[in-house]
Amino acid sequence: MPYEKSLYQPDREEKREHAVTLTDRKELKLTGVLDVDSFDTEEFLLKTSLGYLMVRGHNLHMKNLNVDEGLLTIQGKIYSFDYIDESKQQPAKGFFSKLLK
């Protein structure tokens with residue numbers, strides 16, 4: 001029987017539906033999670049099907065994680081969540097950037 005990569009190593013880079021649900025700033029449910037790059041009690045860095053997502057807060061912890069299905073639940077006090085879009089970095093638009101043109 002020939003080796004098929006897809007049977008043994010699922011392709012997590014496939015496009016999955018991505019959704020974010022925040023309840024009372026205490027519980028964040030996510031779909032489309034491909035990987036958890038790093039986390040601690042104040043910050044999570046997640047790779048999602050739509051790019052990297054940074055979640056910040058206080059006393060954060062994972063309640064549920066299922067990377068095969070792309071599901072993650074984070075509990076704690078959620079302060080913010082931001083998408084990190086490396087390909088669309090815009091130049092500085094402050095006073096000094098205009099002065100130095």
Side-chain angles (χ1 to χ4, degrees):
M1 181 170 160
Y3 171 78
E4 289 187 38
K5 181 180 175 184
S6 62
L7 290 176
Y8 301 100
Q9 297 173 348
D11 184 15
R12 290 191 202 163
E13 299 299 321
E14 67 190 32
K15 286 292 182 186
R16 292 182 177 174
E17 183 177 310
H18 177 59
V20 178
T21 305
L22 179 62
T23 306
D24 295 330
R25 290 183 67 184
K26 294 179 183 177
E27 184 174 75
L28 187 65
K29 294 182 180 182
L30 301 142
T31 63
V33 175
L34 302 175
D35 199 7
V36 178
D37 278 4
S38 65
F39 68 94
D40 60 29
T41 59
E42 295 184 356
E43 187 175 271
F44 277 70
L45 179 60
L46 311 171
K47 184 176 182 182
T48 72
S49 58
L50 296 180
Y52 281 92
L53 177 65
M54 177 76 67
V55 179
R56 292 190 173 109
H58 177 71
N59 199 24
L60 301 178
H61 61 277
M62 276 189 262
K63 180 180 176 189
N64 296 317
L65 173 63
N66 185 334
V67 178
D68 291 334
E69 293 183 21
L71 305 174
L72 173 64
T73 302
I74 299 173
Q75 288 186 326
K77 179 72 171 181
I78 310 294
Y79 294 151
S80 68
F81 53 94
D82 297 306
Y83 289 92
I84 301 170
D85 200 359
E86 296 172 2
S87 64
K88 294 184 180 180
Q89 290 181 354
Q90 295 185 5
K93 295 182 181 179
F95 172 75
F96 288 108
S97 66
K98 292 177 184 175
L99 182 65
L100 298 174
K101 276 189 177 181

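This is a predicted model, so every value here is computed, not measured.
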Might you point out which heavy atoms bring S49 and E17 nearest each other, and give the distance in Å? OG-C, 4.4 Å

Closest non-hydrogen atom pair, H18 against T31: ND1-O, 2.7 Å

When you group the ILVMFWY residues by side-chain heavy-atom contacts below 4.5 Å and let the links chain together, are L65 and L71 in the same group? no

Can you confirm whether F39 sits close enough to L60 that some side-chain heavy atom of one is under 4.5 Å from a side-chain heavy atom of the other? no

Taking all non-hydrogen atoms of both residues into account, name the closest pair between E43 and M54 and its distance. CG-SD, 3.1 Å

So, for V55 and L46, which heavy atoms are closest and what is the spacing to 0.1 Å? CG2-CD1, 4.2 Å

Going hydrophobic residue to hydrophobic residue with side-chain gaps under 4.5 angstrom, can you get from M62 over to L30? yes

Co-membership, hydrophobic cluster, residues L45 and Y79, 4.5 Å side-chain: no

Pair up each side-chain donor or acceptor in residues 19-29 with any protein partner under 3.5 Å, not counting sequence neighbours, and list the distances.
unit_1: R25; atom_1: NE; unit_2: I78; atom_2: O; d: 3.0
unit_1: R25; atom_1: NH2; unit_2: I78; atom_2: O; d: 3.1
unit_1: E27; atom_1: OE2; unit_2: Q75; atom_2: NE2; d: 3.1

Side-chain heavy atoms of D37 within contact of Y52, under 4.5 Å: yes

